[in-house]
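First the structure, in the form of structure tokens, and then the observations on it.
Values reported hereafter were calculated over all heavy atoms of this structure, with side chains retained and with hydrogens, waters and symmetry mates removed. These numbers come from a predicted model, not from an experiment.
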Amino acid sequence: SAEFEQGLGDRRSSFAHGSSKNQITAESSSKTPGNSMSRNKSKRHSYQHRYRRKVWVLNPFRQEDEDEVLAKRTHNRRRWSHVFPLGEAEFKKHAGPNWKSLCQPAILPMTIDFHPDPSELQDQDKFRIKQYSVTLPSMNETNYKDATELLDDLMVQRVRQDFQLVPRSILSAHRETDNTVLSRTLSMGHKIQKLSYNSTSDSVDVVQYYANFAENESPQSYRYLLWSALRQDYVSVVQTFTKYTSPYKWNELDMLLSGDTISSISEDMRHPRISFVILPDPFTDQNGESGYSSKFQRLVEYFNKLQSKGSGTINIETVMKSDKAPKASKGKRSFIVDLRRRNSDKYEWCEIVHDSNCDTRRTFRITIQWLVAIGSKIDQQAQLLHRRCAQYGLNLIRVPNYSSLRLSFMNPYAVPITIPVRDKSCVNSLEEALSNDFDFVYDDCHMADPNELVDCLDGFDFIVNRWSMNKRKKFVPAKQYLHRTGTLFIRLLRDAQGKAI
């Protein structure tokens with residue numbers, strides 16, 4: 001985007017340059033030859049000299065600029081070369097700007113044909129090095145057939161996080177590969193990783209190179225106006241961008257994939273997932289509540305059949321309406337689902353995360369998340385879950401995953417409407433009316449960041465949660481409600497005086 005804007009600026013500069021040149025030519029034609037021509041040449045030379053001293057910027061609409069860029073052997077230029085008007089050989093079917101790359105994200109190729117010289121990687125002024133080893137369990141205790149299959153899965157996880165594979169032919173040119181060693185090299189420009197199998201210790205050795213120029217980057221804030229269909233007006237939104245990717249816990253992920261049964265998929269792994277909630281029945285008496293509880297227990301029985309063999313029994317406590325207020329979930333629990341039909345198939349699995357208890361007046365959230373699985377098998381699991389719930393008489397609906405996140409402004413195209421209510425009694429009446437009059441269901445208590453609502457914080461006194469203080473964050477507990485249509489969420493952030501946003 002920045003290069004594109006600079007290119008347009010260069011284009012405008014070239015237009016200005018042309019108009020000045022035409023003006024000079026018109027002046028020279030109206031005067032007699034001789035000294036006037038010399039002065040004209042001097043002016044033109046001086047102008048061109050000043051223009052030439054300007055810093056060169058890329059204009060993606062000029063083929064000459066493209067040829068010059070593609071000739072330079074830098075990672076960033078080679079990484080994005082395919083989005084230029086002509087690009088590489090396979091992209092030279094149509095001349096002119098590649099308009100699609102300007103209006104939708106450009107997909108990175110699987111490979112990159114640039115790699116720093118080994119001496120650069122070992123230069124402490126340019127790169128810092130981190131390394132670790134992942135010890136593999138014995139082959140009779142793992143789900144992988146051999147080390148190659150595991151190494152390929154580790155490589156795929158890095159490609160999903162925008163790494164590109166460096167071909168062996170490029171590494172051979174730098175004399176940095178040994179064909180007898182099972183290894184993979186991946187690059188992101190400012191981050192490079194080399195994965196190799198060590199047959200002596202039966203482990204995967206991971207060497208990570210971090211470019212020093214990508215350290216201590218300042219995030220950039222971008223403000224824009226987004227049309228709100230609910231408010232029928234534009235709403236101010238702020239999003240934060242970083243040039244380089246945030247740190248990733250590759251050690252934990254590699255341990256999980258290699259067979260570590262203690263760890264599980266964490267939020268920091270930036271994994272794909274789909275979320276659902278079960279809406280409780282709108283019962284009016286104890287018989288209706290007992291009927292809903294019986295339906296839910298059938299789902300628990302299905303979970304026990306679904307989880308991988310050898311796992312413990314899944315027990316989910318059911319909380320009845322006899323309590324004064326709906327109870328929030330005490331936390332999240334999870335179990336692994338083996339997606340293979342036969343043991344000889346490639347190992348694929350997903351993790352199902354669910355609420356620890358079920359309150360008959362609260363939604364029950366279920367999330368399917370995965371690292372090693374193809375989309376079609378995940379889709380089958382989602383469809384199977386829908387069919388089972390329909391068979392049991394449970395109302396399962398899909399919800400966006402960001403609806404349970406601590407940050408409300410994660411989706412740049414779905415901005416929430418914030419309404420400050422500075423009267424405690426009014427907040428109490430509003431919360432009661434949500435369930436009794438407006439068909440909303442309690443959707444658990446979620447942590448929220450009040451600093452996102454900087455435009456309406458005046459007069460509020462939020463008490464920061466102790467857990468968030470330990471994490472150096474400033475989150476507060478917030479009650480959330482979901483409309484029974486599954487299309488609208490309301491989150492209440494109450495302060496110490498009972499007022500709410």
Side-chain angles (χ1 to χ4, degrees), residues 264-265 267 273-284 286-307 311-337 350-370 378 381-406 431 434-435 439-447 477-492:
S264 59
I265 300 177
E267 187 70 32
R273 75 206 85 172
I274 49 178
S275 297
F276 308 88
V277 295
I278 294 177
L279 294 174
D281 292 345
F283 52 83
T284 56
Q286 189 174 358
N287 290 334
E289 183 180 26
S290 299
Y292 171 71
S293 177
S294 300
K295 296 176 188 177
F296 184 81
Q297 288 304 316
R298 295 185 65 186
L299 179 66
V300 176
E301 294 172 5
Y302 168 68
F303 280 172
N304 278 289
K305 295 177 181 178
L306 187 62
Q307 68 173 338
S311 304
T313 305
I314 299 174
N315 293 309
I316 302 177
E317 176 192 6
T318 302
V319 181
M320 308 298 278
K321 193 178 178 179
S322 56
D323 295 327
K324 293 182 180 180
K327 282 191 176 181
S329 175
K330 298 177 181 178
K332 299 294 181 182
R333 294 179 183 174
S334 63
F335 60 91
I336 301 298
V337 179
C350 69
E351 186 176 59
I352 294 185
V353 183
H354 58 85
D355 288 339
S356 60
N357 57 27
C358 172
D359 192 295
T360 57
R361 294 158 295 170
R362 191 198 75 229
T363 63
F364 184 84
R365 188 171 289 258
I366 305 170
T367 299
I368 302 177
Q369 53 190 29
W370 67 97
I378 298 298
Q381 285 298 317
Q383 291 180 14
L384 188 58
L385 179 62
H386 267 289
R387 288 198 297 267
R388 291 288 185 174
C389 287
Q391 178 183 345
Y392 303 150
L394 297 172
N395 186 10
L396 180 76
I397 61 172
R398 183 170 176 177
V399 294
N401 181 69
Y402 60 79
S403 62
S404 63
L405 298 180
R406 302 184 186 103
E431 190 169 5
L434 287 175
S435 301
D439 219 16
F440 278 83
V441 182
Y442 179 53
D443 186 44
D444 215 342
C445 184
H446 300 276
M447 303 304 296
K479 287 185 177 181
Q480 183 164 292
Y481 293 85
L482 168 65
H483 195 264
R484 286 193 174 274
T485 59
T487 58
L488 187 64
F489 289 87
I490 291 182
R491 182 175 289 188
L492 289 176

Under the criterion side chain to side chain contact (heavy atoms under 4.5 Å, CB included), I'd like the reasoning laid out for F303 against N315: C-alpha separation, chi angles, the key distance, then a yes or no.
CA-CA 10 Å; F303 280 172; N315 293 309; over 6 Å; no
Salt bridge present between E301 and R388 (N-O < 4.0 angstrom):
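No, this pair does not count.
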Looking at D439 and R484, does any basic side-chain N land under 4.0 Å from a carboxylate oxygen?
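Yes, this pair counts.
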For a side chain to side chain contact (heavy atoms under 4.5 Å, CB included) check, start with the C-alpha distance between I366 and V277, then their side-chain angles and the critical distance, and finish with the verdict.
CA-CA 6 Å; I366 305 170; V277 295; over 6 Å; no
Is [X] reaching over with its side chain to a backbone N or O of [Y], donor-acceptor style, under 3.5 angstrom?
X    : Y    : result
D359 : R361 : yes
R298 : G393 : no
S294 : S290 : yes
S356 : G331 : yes
T318 : C358 : no

Below 4.5 Å, heavy atoms only, C-beta onward: do [X] and [Y] meet side chain to side chain?
X    : Y    : value
W370 : V337 : no
L385 : I352 : no
V441 : P280 : yes
N401 : I274 : no

Going by salt bridge (Lys or Arg N to Asp or Glu O under 4.0 Å), D355 matches just one of K330, R362, R365. Which one?
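Result for salt bridge (Lys or Arg N to Asp or Glu O under 4.0 Å) with D355: R362.
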Minimum heavy-atom distance between [X] and [Y], given as atom pair plus value:
X    : Y    : result
T367 : S275 : OG1-OG, 3.2 Å
A328 : D444 : CB-OD1, 3.1 Å
S334 : V353 : CB-CG2, 3.9 Å
T360 : F283 : O-CE2, 3.4 Å
H483 : F440 : N-CD2, 3.4 Å

Give a yes or no on whether R491 atom CZ has more than 12 heavy-atom contacts from other residues, nucleotides or ligands under 6.0 Å away.
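Yes, CZ of R491 has more than 12 neighbouring heavy atoms, counting only those of other groups under 6.0 Å.
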Roughly how far, to the nearest 0.5 Å, is [atom2] of [Y] from [atom1] of [X]?
X    : Y    : atom1 : atom2 : result
L394 : I397 : CG    : CD1   : 12.5 Å
Y442 : K327 : OH    : NZ    : 12.0 Å
C445 : L492 : SG    : CG    : 10.5 Å
I378 : C350 : CD1   : SG    : 4.5 Å
F296 : I278 : CZ    : CD1   : 6.0 Å
Q297 : I316 : CD    : CD1   : 8.0 Å

Among residues at least two apart in sequence or on other chains, which ones pass side chain to side chain contact (heavy atoms under 4.5 Å, CB included) with N304?
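Counting only residues at least two positions away or on another chain, N304 forms a side chain to side chain contact (heavy atoms under 4.5 Å, CB included) with V300, Q307, T313, I314.
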With T284, which residues qualify under side chain to side chain contact (heavy atoms under 4.5 Å, CB included), at least two apart?
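T284 satisfies side chain to side chain contact (heavy atoms under 4.5 Å, CB included) with no other residue.
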Please report whether the ring centroid of Y481 lies less than 6.0 Å from that of F489.
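No, the ring centres sit 6.0 Å or more apart.
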Begin from the C-alpha positions of D281 and K295 and carry the test side chain to side chain contact (heavy atoms under 4.5 Å, CB included) through to its verdict.
CA-CA 10 Å; D281 292 345; K295 296 176 188 177; 3.0 Å; yes
Looking only at side chains, do D443 and Q480 share a donor and an acceptor under 3.5 Å apart?
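Yes - a donor-acceptor pair under 3.5 Å links their side chains.
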Side chain to side chain donor-acceptor pair (under 3.5 Å) partners for Q391, two or more places apart
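Q391: no side chain to side chain donor-acceptor pair (under 3.5 Å) contacts found.
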Could you walk me through whether I368 and F276 pass the side chain to side chain contact (heavy atoms under 4.5 Å, CB included) check?
CA-CA 8 Å; I368 302 177; F276 308 88; 4.0 Å; yes
